[in-house]
Amino acid sequence: MKTKLVKASDSVLDEAAEILKNGSIAAIPTETVYGLAANAYDVEAVRSVFRAKGRPQDNPLILHISSTDMLYDIAESVQPLALKLAENFWPGPLTMIFPRKPHVPAETCGGLDTAAVRMPNNAFTLKLIERCGFPIAAPSANTSGLPSPTGAAHVMADMDGKIPLVIDGGECRFGVESTVICFEGEDAVRILRPGAVTPEMLREYAHVAVDSGVLEKTDPSAKVLSPGMKYKHYSPAAEVYILKGDADTVSRFLKTENRNGTGFLGFGDEEIPGNVTVFPYGRTAEEQAENLFASLRAADAAGCTQVYVRMPDTAGLGLAVYNRLLRAAAFRVIEADGGSDAVR
Ligand code: AMP
Ligand code: MG
């Protein structure tokens, strides 16, 4: 199949909407990462998304909507707290889980009786959903297991030849996927996946629990609240290690690293030996979120075989950065000063 790459503009809305209405799929920009879009109510279209990504069937998709009317078409019930959060965070990177109506296909929701819903904050994609008139199911537009795409070139690297259309909306603003929450009673939520809507932001409206699966390895055989968290994720071909320590200890550690093909993502205050290739990361959580996936992909493209990433601060958006990084690194954390829990 020939894949067409076009810039997001009103003139491609019709073509993109036709493709989705006809049961085919297309990659679309959002403010988090690029999505691989299908009519959420069309089982065959949804199957094509799973196939193109190589995504496990039990990993549910997020339904993207352009109006709260669409939410009522999906959700069996919507509690007042959900409406309040929608008012404050939609359109934006917050996904909420609701009991689903029977007409929402089980395939879209990984066989669960719930559906994850969000309104993305991207002008083109909102117009596209509106034009389609149905919710768009869209997981990240990468091959399952690889780092999520934050630019159209990443999507092309994974999807060229597999889907008819990729819409280039520029670089994604946040660079990490949405925050996923479920409700626990009337005034509490649980974060299943951290994102740009942080625990601190949610605490203004509700009691907030952070699920243990956010920072811990989940048992692959256990029943988990968010099936996506149990899979190997976000990993480039290179071996990724999280490097914990201050600038001095990290610099000293890297000087002892003599292997060829070593890459590093740091804060910018380290001294990097000449044999180590540095990729953009940043000092703030916002920069790190924006750069993480692109830099992991760039490290692969540069032929790196091992990549060290300096341990981020986990406050605010940093929790989302660390959550993705832990999975990219298969939970390998190294103490740069060679401390007792160093693993390598
Ligand atoms: P992605 O499509 O790559 O952004 O991943 C979607 C995430 O949302 C995965 O981690 C899923 O496990 C999670 N998710 C989607 N639907 C549900 C649901 N009904 N219940 C719990 N988690 C969900
Ligand atoms: Mg994904």
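Computed over heavy atoms, backbone and side chain alike; hydrogens, waters and symmetry mates excluded. Just so you know, ligand 1 is whichever comes first in the structure, and atom 1 is the first atom listed for that ligand. Only a predicted model underlies this, so the values are computations on that prediction, with no experimental measurement involved.
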For Lys4, does the NZ atom sit with more than 12 other heavy atoms under 6.0 Å from it, leaving out its own atoms?
no
Counting from 1 in the order shown, the ligand 1 atoms closer than 4.0 Å to a non-hydrogen atom of Thr114 are 18 (C), 19 (N), 20 (N)
Residue pairs meeting side-chain hydrogen bond (donor to acceptor under 3.5 Å, both in side chains), one or both in residues 290-307, sequence neighbours left out, come to Asp158-Arg297, Thr262-Gln306
Closest to atom 8 (O) of ligand 1 by heavy-atom distance, out of Leu61, Val49, Ile62, is Ile62
Item to complete: Mark yes when over 12 heavy atoms from residues, nucleotides or ligands other than Arg47 sit less than 6.0 Å from its CZ; otherwise mark no.
Response: yes
Residues 77-90 vs side-chain hydrogen bond (donor to acceptor under 3.5 Å, both in side chains), sequence neighbours excluded, gives Asn88-Tyr205
Those residues at least two apart in sequence (or on a different chain) that pass side-chain contact (heavy atoms from CB on, under 4.5 Å) with Asp14 are Arg131
So the atoms of ligand 1 within less than 4.0 Å of a heavy atom of Leu112 turn out to be 18 (C), 19 (N), 20 (N)
Would you call Glu31-Arg118 a salt bridge at under 4.0 Å N-O? yes
Among Pro60, Gly111, Gly35, closest by heavy atom to atom 15 (C) of ligand 1 is Pro60
Note: ligand 1 atoms sitting under 4.0 Å from heavy atoms of Asn59 are 9 (C), 11 (C), 12 (O)
Any Arg100 heavy atom less than 4.0 Å to ligand 1:
no
Near the Mg ion (ligand 2) (protein N/O/S, cut-off 2.8 Å, waters excluded) we have Ser140 OG
Worksheet item: Do Arg327's NZ or CZ and the ring of Tyr234 fall within the cation-pi criteria of under 6.0 Å and 45°?
Response: no
Candidates Val176, Ile97, Thr108, Leu36; heavy atom nearest atom 22 (N) of ligand 1 found on Ile97
Heavy-atom nearest pair, Asp73 first then Val104, reads O-CG2, 4.5 Å
- Query: Ser140 near ligand 1, heavy-atom distance under 4.0 Å?
  - Reply: yes
State whether a side-chain donor-acceptor pair under 3.5 Å links Glu177 with Ser148.
-> yes
